[in-house]
2 protein chains.
Amino acid sequence: MTRAGSTRTPLGDVSREHARRIFLAVSDPTRRGILDLLLVSESSVSDLVRPFRISQPAISQHLRILRQAGLVRVRRQGRERRYRLRGEQLRAVYDWVAHYERFWTEKLQALGAYLDEDVAGAAE
Amino acid sequence: MTRAGSTRTPLGDVSREHARRIFLAVSDPTRRGILDLLLVSESSVSDLVRPFRISQPAISQHLRILRQAGLVRVRRQGRERRYRLRGEQLRAVYDWVAHYERFWTEKLQALGAYLDEDVAGAAE
DNA sequence: TTGACACATAAGCGATTGCTTATATAAAGT
DNA sequence: ACTTTATATAAGCAATCGCTTATGTGTCAA
């Protein structure tokens with residue numbers, strides 16, 4: 001049952017679920033690569049298969065995940081399917097990570113690098 | 001750096017691998033929750049266990065992943081281990097997603113919502 | 001030293017991931 | 001009507017994930 005979390009606000013869970021899908025979609029390097037390609041131009045599936053070393057079905061599966069996360073949109077054109085980016089959806093990621101912005105904009109980075117005790121875990 | 005290039009340079013693979021770990025670490029909602037807690041204050045493991053409904057070992061395992069991604073740092077203090085955020089590492093995520101910023105800052109959002117043919121996939 | 005705490009790690013397990021090959025569907029070309 | 005092209009879906013599989021319980025390890029307190 002994957003999650004052990006609290007099932008409190010139903011509406012909150014919906015958008016939280018949406019955020020979850022987006023973060024999950026974006027966690028895969030191939031899918032980020034696809035999004036980066038779509039940032040340049042709308043593309044057919046064949047266009048998207050070409051740059052990668054994996055099969056067409058694999059790309060189609062990635063595209064499905066991106067679709068379900070609302071990150072791309074498809075349009076039929078002849079026998080092709082042209083995928084276009086829906087970049088606005090990435091705002092969820094942006095908004096989250098922006099909370100951490102001060103860590104690289106302020107100078108308190110200088111405070112880092114002391115007491116770097118990553119114990120045992122480093123080797124693994 | 002981290003660009004969509006070929007899998008050639010070994011150094012490129014290292015940083016790409018690092019980026020991969022960071023995105024993967026951040027893809028889990030519990031781990032994002034942990035980071036959000038650490039944004040407020042340095043915390044012991046017990047502090048981090050309390051807000052969640054999962055076991056202490058589960059949290060420790062999440063912390064290991066965050067450690068390996070370089071997103072947190074540990075310090076021993078008596079019998080506690082105090083975790084502190086290393087927010088600068090999230091810059092990789094920020095830099096990536098910032099490429100998409102125009103999608104929600106510009107007005108060309110108005111162009112969206114026409115030809116919304118998400119076919120078949122919508123139901124699933 | 002013994003015990004209680006704070007935490008990490010190990011082992012095991014079901015669910016999910018990302019890939020593959022095989023097959024279905026749909027449009028276009030002949 | 002066949003064939004080719006473009007894509008999706010299905011089925012299967014090894015690897016990984018996120019959790020659990022059980023057990024280790026280090027620290028303080030008595």
Length of the [atom1]-[atom2] vector between [X] and [N], whole Å:
X: L66(B); N: dC17(D); atom1: CG; atom2: P; answer: 13 Å
X: E80(A); N: dT5(D); atom1: CD; atom2: P; answer: 13 Å
X: R53(B); N: dT20(D); atom1: CZ; atom2: P; answer: 11 Å
X: Q68(A); N: dT9(D); atom1: CD; atom2: P; answer: 9 Å
X: Q61(B); N: dG12(C); atom1: CD; atom2: C1'; answer: 12 Å
X: R64(B); N: dA11(C); atom1: CZ; atom2: C1'; answer: 12 Å
X: R21(A); N: dT17(C); atom1: CZ; atom2: C1'; answer: 16 Å

Hey, is the side chain of Q56(A) pairing donor to acceptor with the base of dT5(D) inside 3.5 Å?
->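 Flag unset: no donor-acceptor pair detected.
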By nearest nucleotide on DNA chain C, pick out whichever of I54(A) and S60(B) is the more 5' one.
-> S60(B)
Map A58(B) and H62(A) onto DNA chain C by nearest heavy atom, then report which one ends up closer to the 5' terminus.
->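 First, find each residue's nearest nucleotide; the 5'-ward one identifies A58(B).
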Heavy-atom side-chain proximity of [X] to [Y] below 4.5 angstrom:
X: L38(A); Y: L48(A); value: yes
X: L85(B); Y: F103(A); value: yes
X: Q77(A); Y: R75(A); value: yes

Can you name the side chain to side chain donor-acceptor pair (under 3.5 Å) partners of R31(B), sequence neighbours left out?
-> H62(B)
Please answer whether the main-chain N or O of [Y] pairs with a side-chain N or O of [X] as donor and acceptor at a distance below 3.5 Å.
X: D47(A); Y: S44(A); value: yes
X: R32(A); Y: S27(A); value: yes
X: Y100(A); Y: R86(B); value: no

Counting side-chain heavy atoms from CB outward, which of dG18(C), dA22(C), dT17(C) is closest to L24(A)?
->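 The answer is dT17(C), which lies nearest to the side chain.
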Nucleotide of dC19(C), dC19(D), dC17(D) approaching T30(A) most closely (side-chain heavy atoms) = dC19(C)
Base versus backbone protein contacts along nucleotides 24-29 of chain C [heavy-atom cut-off under 4.0 Å; B, S, -] = --SBSS
What is the nucleic acid contact for [X], judged by heavy atoms within less than 4.0 Å: base, sugar-phosphate only, or nothing?
X: L48(B); result: nothing
X: F52(B); result: nothing
X: R82(B); result: nothing
X: I59(A); result: nothing

Answer yes or no: is there an ion pair linking R91(B) with E88(B), defined by an N-O contact shorter than 4.0 Å?
-> no
Give a yes/no on whether any side-chain N or O of S55(A) is located under 4.0 angstrom from OP1 or OP2 of dT20(C).
->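 Checking dT20(C) against S55(A), a side-chain N or O does come within under 4.0 Å of OP1 or OP2.
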Look at Y83(B) and dA8(C) and indicate whether a side-chain polar atom (N or O) is within less than 4.0 Å of OP1 or OP2.
-> yes
